[in-house]
Amino acid sequence: MARNISAQPSRALAEFRLLPRLTTPDTVPAKIDLRTPLVTCFQSGRTLRLGIPIVSAAMQAVSGSEMGIAMAMQGGAAFLFCSQTVASQAEMVRAIKRHKAGFVEPRTVPPDMILREVFALSKKHGFSVFPVVDAERKLLGLIRRDDYDLTRHGHLPAQERMVPRARLDVGVEITQLEEANELLLEGHHSVLPVVDKKGRLLSLVFKKDIHEHVENPLQVHDEKKRLLAVAAINTHDYEQRVPALVEAGVDALAVDSSDGYSFYQRQVLEWIGQRHPGLPVVGGNIVTAAGFDYLVAAGAGAIKVGMGGGTICITQEQKGTGRGLATAILDVVEARDRHFEKTGRYVPVIADGGVVTAKDVVIALALGADSVMMGRYFARMDESPAEKVVVNGRLMKAYWGEGSARAREWKAARYGQAAFVEGVEGLVDYAGKLADNLPETLAMVRSSMASCGVADIGDLHHNAEMELVSALSIREGQVHDVVLPRGASADDSPRSWGD
Ligand code: IMP
């Protein structure tokens with residue numbers, strides 16, 4: 001017989017509901033503070049904080065540098081996936097660290113490039129403006145789509161049709177968006193090239209982007225005002241990967257494992273603690289108090305919780321291991337609070353796998369998590385690296401697990417073929433830009449917290465009132481007994497008319 005058999009069922013987030021409490025002028029949505037700790041380095045005492053309690057998953061289909069930049073600008077963080085070469089992951093970190101909101105690093109063309117080729121580049125990348133630069137990257141001019149007619153000028157080199165530098169407004173060594181904005185508003189062009197003192201191109205600033213990029217107060221920076229970069233690592237090549245990521249300027253690491261309660265993860269955490277003592281590291285994933293204690297003792301500065309709940313995950317089905325996310329959070333949060341009482345050290349908890357909607361976010365937080373990690377949610381957006389596909393006229397994006405056959409191809413070449421897969425590849429509905437989706441989700445989280453009468457996440461931890469719901473009660477809370485227009489039902493069920 002097993003050593004311990006619990007008669008209590010493992011609970012999912014969806015089984016809990018929050019009870020409303022008195023909303024006061026201090027707890028209206030506009031006043032709610034979503035700032036939260038992400039990870040602490042207990043050796044240096046440094047805590048990285050986020051402006052919002054959401055991070056994107058360390059997956060090939062989710063978190064590259066574009067997601068890293070977009071997330072840090074919104075107050076969150078993307079965990080850059082580690083199922084790629086050390087060099088390409090380090091380059092992603094560098095791309096995040098050198099990004100300046102509103103300052104775009106453009107693709108350039110040489111002066112002798114034929115306009116037909118410039119047009120092909122513009123079709124391929126969707127850019128309509130290319131700076132023309134010489135071999136030293138000195139700015140010679142700009143070639144825009146309006147500057148040439150393909151039939152008439154297609155055979156000419158770019159320099160024959162470009163607007164030469166002398167006729168452009170150019171910013172020299174500008175680093176502030178406000179300064180660039182001033183030049184754009186005073187000038188006559190919709191784009192401003194920025195060059196260094198020697199005339200070498202640094203970036204472009206577009207008039208249309210200014211408002212979108214005016215600083216978001218929730219943006220997360222390091223002390224040099226560079227965006228926050230977080231990267232996942234594995235237990236195989238950390239001795240090469242960690243130094244390269246540190247060199248690239250990474251702010252925090254996360255050991256990426258579906259079962260982090262292992263001797264190997266302890267080795268990684270201890271190695272980082274010795275070689276890079278100031279660097280905060282997230283440990284995980286674990287789902288028990290014992291797993292929490294083990295990884296925190298090894299030096300983890302935050303713990304990621306969850307096993308088997310991800311939308312693309314088949315770990316529970318394949319191996320029979322895992323735990324409902326709500327039960328896992330409750331068990332780990334109890335251990336976290338005990339640890340805090342004993343040592344005075346607060347270890348942030350990140351809930352991961354199966355957090356799909358705003359209500360899941362707020363319920364995970366109310367159960368005691370400090371932030372949540374989401375994969376499927378972000379895979380749907382422009383900033384995810386996955387390809388778009390059209391299926392029966394429906395625009396979708398690919399989404400695949402790190403343990404799926406598709407992601408494992410990369411791992412197999414390095415660490416040998418795994419005997420079985422733990423994830424699947426699927427499709428998710430395309431959702432557009434992150435900046436058009438995340439604010440709505442956060443508005444729902446704030447509204448829910450307002451109903452709970454709490455002003456911030458700490459307040460939610462201490463004062464939320466929750467209860468378990470029955471299956472019938474869940475059904476009562478959904479749309480029922482009405483016929484919906486086609487597409488209006490979330491699950492596209494046969495209740496819809498017009499099929
Ligand atoms: P989602 O937000 O429900 O889509 O879940 C994302 C999470 O699933 C990730 O952050 C990982 O913890 C987990 N995950 C990613 N790939 C796999 C896999 O192939 N099998 C099992 N779990 C996975």
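Positions are given from 1, in the same order as the sequence printed here. We count ligands from 1, going down the list as the structure has it; atoms in each ligand are counted the same way.
Comparing heavy-atom distances from atom 17 (C) of ligand 1 across Glu402, Glu425, Arg408 singles out Glu402 as nearest. Residue Tyr399 holds the heavy atom nearest to atom 6 (C) of ligand 1 of all those in Phe378, Tyr399, Phe81. Counting heavy atoms only, Gly310 comes closest to atom 8 (O) of ligand 1 of the residues Ala254, Gly310, Ser404. Residue nearest to atom 3 (O) of ligand 1, selected from Ser257, Gly401, Gly354: Gly354 (by heavy-atom distance).
Residues Ser63 and Ser56 bring a donor and an acceptor atom of their side chains to less than 3.5 Å of each other. Judged purely by distance below 3.5 Å, without hydrogens or angles, the side chains of Ser404 and Glu425 never pair a donor atom with an acceptor atom. No side-chain N or O of Glu105 forms a donor-acceptor pair with one of Ser203 less than 3.5 Å apart. In this model, no donor atom of one side chain and acceptor atom of the other lie less than 3.5 Å apart for Ser262 and Tyr294. Lys359 and Ser448 form no side-chain donor-acceptor contact under 3.5 Å, judged by distance and modelled atom types alone. Counting only N and O atoms by type, the side chains of Asp370 and Tyr346 include a donor and acceptor under 3.5 Å apart. Between Asn285 and Asp352, the side chains place a donor N or O and an acceptor N or O closer than 3.5 Å (distance only, hydrogens not considered).
Short contacts between ligand 1 and Arg376, defined as distances under 4.0 Å to a heavy atom of the residue, involve ligand atoms 1 (P), 2 (O), 4 (O). Shown in contact with Cys313 at under 4.0 Å from a heavy atom are these atoms of ligand 1, numbered in order with element: 20 (N), 21 (C), 22 (N). Proximity to Glu422 (heavy-atom distance under 4.0 Å) selects the following atoms of ligand 1: 18 (C), 19 (O), 20 (N), 21 (C). Proximity to Thr315 (heavy-atom distance under 4.0 Å) selects the following atoms of ligand 1: 21 (C). Close approach of ligand 1 to Met373 is summarised as follows: ligand atoms under 4.0 Å from at least one heavy atom of the residue are 10 (O). Remark: ligand 1 atoms within the under-4.0 Å shell around heavy atoms of Met374 are 2 (O).
Proximity of Lys304 to ligand 1, defined as any heavy-atom pair under 4.0 Å, is not found for any part of the residue.
The closest approach between Gly306 and ligand 1 stays at or above 4.0 Å for every heavy atom of the residue.
The protein heavy-atom contact nearest to atom 14 (N) of ligand 1 is Ile312 CD1, 3.9 Å. From the protein, the heavy atom lying nearest to atom 9 (C) of ligand 1 is Asp352 OD1, 3.4 Å. For atom 2 (O) of ligand 1, the nearest non-hydrogen atom of the protein is Gly375 N, 2.7 Å. For atom 15 (C) of ligand 1, the nearest non-hydrogen atom of the protein is Met59 CE, 3.5 Å.
In this structure, Lys388 satisfies the cation-pi test against Tyr430, with its NZ or CZ atom closer than 6.0 Å to the six-membered ring centre and inside 45 degrees of the ring normal.
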For a salt bridge (Lys or Arg N to Asp or Glu O under 4.0 Å) check, start with the C-alpha distance between Glu341 and Arg338, then their side-chain angles and the critical distance, and finish with the verdict. CA-CA 5 Å; Glu341 267 168 37; Arg338 270 199 307 273; over 6 Å; no
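Partner of Asp251 under the side chain to side chain donor-acceptor pair (under 3.5 Å) criterion, chosen from Lys97, His221, Arg226: Lys97.
Proximity of atom 23 (C) of ligand 1 to the protein is indicated by at least one non-hydrogen atom lying closer than 4.0 angstrom.
Dense packing is recorded around CD of Glu239, with more than 12 heavy atoms of other residues, nucleotides or ligands lying under 6.0 Å away.
Taking any N or O of Gly403, backbone or side chain, at least one lies under 3.5 Å from an N or O belonging to ligand 1.
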